[in-house]
> 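Pasting a structure here, questions to come.
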Amino acid sequence: MRKVRKAVIPVAGMGTRFLPATKSMPKEMLTIVDRPVIQYAVDEALEAGIEHIVFVTGRNKAPIEDYFDVQPELNDTLKRAGKSKQLTELDALQLPAGAVSVTRQQSPDGLGHAVWCARDLVGDEPFAVLLPDMVSYGERGCLSGAMELYAETGGNVITVEECDPKLTHKYGIVGKGTQIGTGFEVTEMVEKPDPSVAPSNSYINGRYILQPEIFALLGNQQRGAGGEIQLTDAMHRLMEVQKFYAAPFTGRMFDCGSKEGFIQANVAFAFARSDIRDLVLEPITEMVAAQEIRSNAA
Ligand code: UTP
């Protein structure tokens with residue numbers, strides 16, 4: 001079985017759900033507590049054993065490239081100011097030289113098209129895809145679970161989480177086959193099914209391990225929903241010839257491309273940080289209590 005060494009992180013989307021903030025700033029640079037959303041995806045990839053990150057960027061996304069580059073002037077200033085704690089923190093986040101590649105998606109033609117843009121940088125080997133605005137929260141990152149299942153099954157692996165069975169029409173839902181190792185075989189993938197016909201309530205939550213054969217399919221994939229080249233459509237075709245498995249994620253994924261998911265993530269990650277927790281817990285608890293009093297009075 002071939003090792004998964006590379007992760008593709010598509011960041012070329014327009015982020016229209018987060019306007020006006022994303023008018024001049026990539027949504028991936030919005031911060032959760034004190035680090036940008038994109039840092040969480042990179043940390044998760046490294047934790048899962050990924051050695052090389054491929055960013056698929058677009059226009060107006062230069063701050064992402066700059067963020068992952070070294071900043072000698074900043075380092076010098078921190079050193080001169082004796083801010084060794086901050087310097088050590090920055091050093092720890094620095095990716096090794098040559099461990100990052102960047103390619104551009106020239107127009108936002110969909111997630112499938114963005115992944116296809118990484119074909120030459122990935123080459124003929126299995127690879128991971130992480131949608132960075134889906135931020136993984138839990139004891140271990142979502143991709144680590146996918147890697148574990150991949151080691152047991154090979155093939156293609158997607159990660160899933162359970163949604164409210166009444167809300168299947170909002171998600172890509174999978175059909176459940178035989179239980180295998182830490183996951184199960186995927187029998188079908190249905191885009192946004194009505195709860196009355198949904199094969200399960202397990203939804204695809206933004207992490208994939210794919211075989212390189214997906215690239216040829218993406219290369220001739222017809223435009224689908226929203227006039228975009230959809231990764232799910234190409235996965236459907238790959239499923240006709242290769243197995244797909246699902247790794248259930250036991251943590252929680254926050255959709256930080258949405259305002260509510262982003263705010264929830266900030267609260268959850270702040271509560272998980274010993275240096276911030278007490279500073280935010282009390283005021284938030286007071287705000288919640290005041291809100292309850294107001295709604296009870298209304
Ligand atoms: P989303 O649909 O969540 O991102 O795509 P978006 O299009 O930026 O969001 P909204 O709906 O307008 O707010 C999921 C992921 O795929 C990337 C996005 O950057 C995001 O990480 N993507 C999407 C691309 O790289 N290229 C595309 O053409 C579309």
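Counting convention: from 1, in listed order, for ligands and their atoms alike. If you read the sequence from its start, that first residue is 1, and numbering goes on from there.
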> Among all protein heavy atoms, pick out the one at the shortest distance from atom 8 (O) of ligand 1; state its residue, atom name and that distance to 0.1 Å.
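That would be G15 N, 2.7 Å.
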
> Looking only at protein heavy atoms, which one is nearest to atom 11 (O) of ligand 1, and how far off is it?
R17 NE, 3.2 Å

> Would D109 and R223 pass as an ion pair if we require N to O under 4.0 Å?
yes

> Which heavy atom of the protein is the closest neighbour of atom 6 (P) of ligand 1, given with residue, atom name and distance?
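Atom 6 (P) of ligand 1 sits closest to the protein heavy atom K27 NZ, 3.4 Å.
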
> Give the contacting part of P10 toward ligand 1: side chain, backbone, both or neither, where contact means a heavy-atom distance below 4.0 Å.
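It is both backbone and side chain that touch ligand 1.
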
> So between L131, D133, D109, whose heavy atom ends up nearest atom 20 (C) of ligand 1?
D133

> Does atom CZ of R59 have more than 12 heavy-atom neighbours from other groups under 6.0 Å away?
no

> Quick one: nearest non-hydrogen protein atom to atom 19 (O) of ligand 1, plus distance?
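Nearest protein contact, heavy atoms only, for atom 19 (O) of ligand 1 is G13 N, 2.8 Å.
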
> Judged by non-hydrogen atoms, does M14 sit under 4.0 Å from ligand 1?
yes

> Using 4.0 Å as the upper bound for N to carboxylate O, is an ion pair formed by R140 and E47?
no

> Can you sort out which atoms of ligand 1 are near Q105, meaning under 4.0 Å from one of its heavy atoms?
24 (C), 25 (O), 26 (N), 27 (C), 28 (O)

> Please classify the V11 to ligand 1 contact at 4.0 Å (heavy-atom distances, strictly less than): side chain, backbone, both or neither.
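Backbone only.
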
> Within the protein, is there a heavy atom lying under 4.0 Å from atom 3 (O) of ligand 1?
yes

> I need the nearest protein heavy-atom contact for atom 16 (O) of ligand 1: residue, atom name and distance, please.
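Heavy-atom neighbour on the protein nearest atom 16 (O) of ligand 1: L111 CD1, 3.6 Å.
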
> Looking at atom 25 (O) of ligand 1, what's its closest protein heavy atom, distance included?
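Of the protein heavy atoms, A12 N, 2.9 Å lies nearest.
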
> Distance under 4.0 Å to a non-hydrogen atom of E28: what atoms of ligand 1 satisfy this?
19 (O)

> Taking the side chain from N156 and the backbone from Q211, do they hold a donor-acceptor pair closer than 3.5 Å?
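Yes, N156 side chain to Q211 backbone: donor-acceptor pair under 3.5 Å.
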
> Does G257 have a non-hydrogen atom less than 4.0 Å from ligand 1?
no

> Residues two or more places apart in sequence or in another chain: which of them pass side-chain hydrogen bond (donor to acceptor under 3.5 Å, both in side chains) with K3?
E51

> Going by the order shown, which atoms of ligand 1 are within less than 4.0 Å of some heavy atom of A114?
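What qualifies from ligand 1 is 24 (C), 25 (O), 26 (N).
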
> For ligand 1, is there an N or O atom under 3.5 Å from any N or O atom of S107?
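Min N/O separation from ligand 1 is not below 3.5 Å for S107.
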
> Determine yes or no for a side-chain-to-main-chain donor-acceptor pair under 3.5 angstrom, with K27 supplying the side chain and T16 the backbone.
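Side chain of K27 to backbone of T16, a donor-acceptor pair under 3.5 Å: no, none is there.
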
> Classify the angle between the aromatic ring planes of F127 and F215 as parallel (below 30°), tilted (30 to 60°) or perpendicular (above 60°).
parallel

> Within the side chain of E28, is there an N or O that forms a donor-acceptor pair under 3.5 Å with the backbone of P36?
no

> Do any nitrogen or oxygen atoms of F18 come within less than 3.5 Å of a nitrogen or oxygen of ligand 1?
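Looking only at distances, the answer is no, because the N/O contact criterion of under 3.5 Å is not met.
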
> Determine whether the side chain, the backbone, both or neither of H113 has a heavy atom under 4.0 Å from any heavy atom of ligand 1.
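Neither part.
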
> Going by the order shown, which atoms of ligand 1 are within less than 4.0 Å of some heavy atom of P132?
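Selected atoms, number and element: 21 (O).
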
> State, without any angle test, whether N205 and E161 hold a side-chain donor-acceptor pair at a distance under 3.5 Å.
yes

> Would you call D255 and R17 a salt bridge, taking side-chain N to carboxylate O under 4.0 Å as the test?
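Answer for the salt bridge query: yes.
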
> Going by the order shown, which atoms of ligand 1 are within less than 4.0 Å of some heavy atom of T16?
10 (P), 11 (O), 12 (O), 13 (O)

> Any Lys/Arg nitrogen of K85 or E89 sitting under 4.0 Å from an Asp/Glu carboxylate oxygen of the other?
yes

> So that I can tick it off, tell me whether E185 and K176 are bridged by a salt bridge, with the cut-off set at under 4.0 angstrom between side-chain N and carboxylate O.
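Salt bridge between K176 and E185, a charged N being under 4.0 Å from a carboxylate O: no.
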
> Taking the side chain as C-beta and beyond, is there a heavy-atom pair between V267 and V280 under 4.5 Å?
no

> Closest by any non-hydrogen atom to atom 29 (C) of ligand 1: pick that one out of G110, P108, S258, G58.
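The nearest heavy atom belongs to G110.
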
> Taking the non-hydrogen atoms of E228, is any one of them nearer than 4.0 angstrom to ligand 1?
no

